Structure formats: C-alpha cells, structure tokens
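This report refers to the structure that appears directly beneath it.
The model shown is predicted, which means the values in this text are computed figures rather than measured ones. Excluded from the calculations below are hydrogen atoms, water molecules and symmetry mates; all remaining heavy atoms, backbone and side chain alike, are included.
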Amino acid sequence: MSPHVLILGGTTEARELAAALTALPGVRVTTSLAGRVTRPGTVTGDIRIGGFGGADGLAAWLREQRVDALVDATHPFAQAITAHAARAAAVTGVPAVVLRRPGWRPGPEDRWFQVGSLSEAAGLLPLLGPRVFLTTGRLGLAAFAHLTELHFAVRSVELPEPPMPPRTEVLLARGPFTVDDETTLLTTHCVDVVVTKDSGGAATAAKLTAARRLALPVVVVRRPALPADVTAVPDVPAVLERLGLSPR
C-alpha cells in the first residue's frame, strides 16, 4: 500500500517537501493549508484547506485518511497547530516530524534587540525612533495599535485588519526580496527601526542585511519553544531521512 504523508504547510519548505515526496514512486501526499492566504504558492500533490478542529480533530483525520506520517512544516510561530500536531501524533501513534528552517543569528555589526513577544517589541519602539518598518505579519498589529505617535510601514502579503496603529502605511508584497530592494525601502520610508519575527530562511533575510548596511536597530521577536519532547529537523533531506523515504 502506498504511504500517505500529511504535511501541515504554508511555508516554502512545505512546498519543497511536497514536491520531493510526490516525485517518489508510490507516495501519496496531502498538504493542509490554514486558508489565511487567498493566493498560496503552488503546491504539488493533494491539498486541503482549513483547520481540523484542534488536536482531537486532527487525530480523527489522521485515522480516517489512513495517514502513515505527519510532517509539521508550518511557520515557526504557528504555536497552536504545532502543539495540536504533537498531541495528535502521540494519541494516534502516527510518526511525526517537525520541519523548521534554522533561525537567524546576529553578526558583530548587527544592532539587535531580541524580545519574547510582540508586546515587548512594542514597548521598545518609542526608545528607538519614530518611523518603524514592521514585518511581523498582518495578524499581530493589535500589539502596536496604542503607539499613536509613531509612523509604521507595514509589509504584508494581504491587507491587514484592524486594530492597527493609526499612522500606518501598508506595503503589499511577497518575498523573496533583494538587499538592494530592502535598502531602497528603508531609505525611502526614512525608517529608524525594523521589527521582525525570527522566521529564519533566505526569503525575507535581506532586510536584516539592509538594516546592518544602514546601521539601523532591529527588534527581533524570538521563536516560541517547541512542545516538550519535540525536536525539529532543519531541511527537506532531513525529513526524508527521518521518514525512511530518502531517494536512492
């Protein structure tokens, strides 16, 4: 019987993994997307849209669809679904792997302020400058809504919803971005400070290089911890090896 792999997706690595798995003979692949983005990138294999209804719903789906392996390749900040996946895998006995791209690390010339939450990031901003480039995603703007004296340039794939800071300019764009692109953006908008989550990966890392080039401070929100007894692998080959599906 062909093995059935469920990928909890939405990231570049999830799409790469789906392509790698579907290229293997006899492997059935289903990628589950939360549906928060109306134009997701191209995904090979089967696709399902929407949530499962928590860990119990996911466990039921794993049983009903006869899933042989579960790969959590969601965003590093998708804390709830990662917890649900770990619980569902434990309950059903389905082998599970977490795929997480490595986080970013500051260099000697970087001016990073690492914080534990969006609220902590917001608390630092009045001390760092009045013009902010905010790239933490469209769902977390409420944490900054009280900063009425600051001006925000907010980059997002889709239009964010309120509440958000009153002085906000939305920049709709999807990466990857070049260092020159990011340098131009930061200078054009007279940015004083950059705020980002530690998403890792190359697609959005150019802003960090541009900030270093311009000697700008960067507030970096640390990733949430993985659930207890859960470890992550850094790339697609490591997932294939863990699943025993490495090409020969």
- What are the two closest non-hydrogen atoms of P160 and R138, and how far apart are they? CB-CB, 3.6 Å
- Message: If you compare all heavy atoms of A85 against all heavy atoms of L8, which two are closest, and at what distance to 0.1 Å?
- Response: CB-CD1, 3.7 Å
- Query: Does a side-chain heavy-atom distance below 4.5 Å link F177 with T135?
  - Reply: no
- Query: Quick one: do V195 and F152 end up in the same hydrophobic cluster if we chain Ile, Leu, Val, Met, Phe, Trp and Tyr together by side-chain heavy atoms under 4.5 Å apart?
  - Reply: yes
- Query: Thinking salt bridges, do E182 and R155 make one under a 4.0 Å N-O criterion?
  - Reply: yes
- Query: Could you go step by step and tell me if W61 and S32 meet the side-chain contact (heavy atoms from CB on, under 4.5 Å) rule?
  - Reply: CA-CA 11 Å; W61 200 92; S32 177; over 6 Å; no
- Task: Can you sort out the partners of S117 under side-chain hydrogen bond (donor to acceptor under 3.5 Å, both in side chains), two or more places apart, ordered by chain and number?
- Result: none
- Residue list, side-chain contact (heavy atoms from CB on, under 4.5 Å) with H146, at least two apart or on another chain: A122
- Query: Where is the tightest heavy-atom contact between W104 and D198, given as atom of each residue plus distance?
  - Reply: N-OD1, 2.8 Å
- Linking I/L/V/M/F/W/Y whenever their side-chain heavy atoms sit closer than 4.5 Å, directly or via other members, would V220 and V132 fall into one cluster? no
- Message: Is there a path of hydrophobic side-chain contacts, each under 4.5 Å between heavy atoms of I/L/V/M/F/W/Y residues, joining V27 to V97?
- Response: yes
- Item | Sub-4.5 Å side-chain heavy-atom contact between V221 and F77 | yes
- Which atom pair, heavy atoms only, marks the closest approach of L147 to P126? CD2-CG, 4.0 Å
Pair up each side-chain donor or acceptor in residues 224-243 with any protein partner under 3.5 Å, not counting sequence neighbours, and list the distances.
unit_1, atom_1, unit_2, atom_2, d
D235, OD1, A238, N, 3.0

- Note on the structure: When rounded to the nearest 0.5 Å, the distance separating CD1 of I7 from OG1 of T74 is 12.0 Å
- Note on the structure: So the salt bridge (Lys or Arg N to Asp or Glu O under 4.0 Å) pairs with at least one residue in residues 111-128 (sequence neighbours excluded) are none
- Task: With the side chain counted from C-beta on, respond yes when T196 and K207 share a heavy-atom pair under 4.5 Å apart, and no when they do not.
- Result: yes
- Message: For the OG atom of S156 and the CE atom of M164, what is their distance to the nearest 0.5 Å?
- Response: 9.0 Å
- Task: Check which hydrophobic residues are tied to L159 through side-chain heavy-atom contacts below 4.5 Å, counting indirect links as well, and list them.
- Result: V170, L172
- Message: Quick one, D72 with R100, criterion side-chain contact (heavy atoms from CB on, under 4.5 Å). Give me CA distance, side-chain angles, the key distance, then yes/no.
- Response: CA-CA 8 Å; D72 174 7; R100 287 287 184 274; 3.4 Å; yes
- Between R101 (side chain) and G200 (backbone), is there a donor-acceptor pair under 3.5 Å? yes
- Heavy-atom distance under 4.5 Å between the side chains of T168 and F144, does that happen here? no
- Query: Side chains of L171 and L185: does their closest heavy-atom pair fall under 4.5 Å?
  - Reply: yes
- Message: I'd like to know if the side chain of D68 and the backbone of V5 have a donor-acceptor N/O pair within less than 3.5 Å.
- Response: no
- Same cluster or not: are W112 and F133 linked, directly or through other Ile, Leu, Val, Met, Phe, Trp or Tyr residues, by side-chain heavy atoms under 4.5 angstrom apart? yes
- Item | Shortest non-hydrogen contact from R223 toward P76 | NE-CB, 3.7 Å
Output side-chain donor-acceptor pairs under 3.5 Å for residues 86-96, partner residues at least two apart or in another chain, one line each.
unit_1, atom_1, unit_2, atom_2, d
R87, NH2, D56, OD1, 3.2
T92, OG1, A88, O, 2.8
T92, OG1, V94, N, 3.3

- Less than 4.5 Å apart, any side-chain heavy atom of V115 and any of L124? yes
- Note on the structure: CG of L150 to CZ of R167, rounded to nearest 0.5 Å, is 8.5 Å
- Minimal non-hydrogen separation, H151 against E169, with atom names: CE1-OE1, 4.2 Å
- Would you indicate whether the side-chain heavy atoms of V67 and T30 approach each other to under 4.5 Å? no
- Task: Could you grab the distance from atom NE2 of H4 to atom CG of L70, nearest 0.5 Å is fine?
- Result: 10.5 Å
- Message: How long is the straight-line distance from CG of L118 back to CG of L134, given to the nearest 0.5 Å?
- Response: 8.0 Å
- CG (L216) and CG (D192) are apart, to the nearest 0.5 Å, by 7.5 Å
- Is there a path of hydrophobic side-chain contacts, each under 4.5 Å between heavy atoms of I, L, V, M, F, W or Y residues, that connects V154 with V193? yes
- Message: Is the shortest side-chain heavy-atom distance between R213 and V179 below 4.5 Å?
- Response: yes
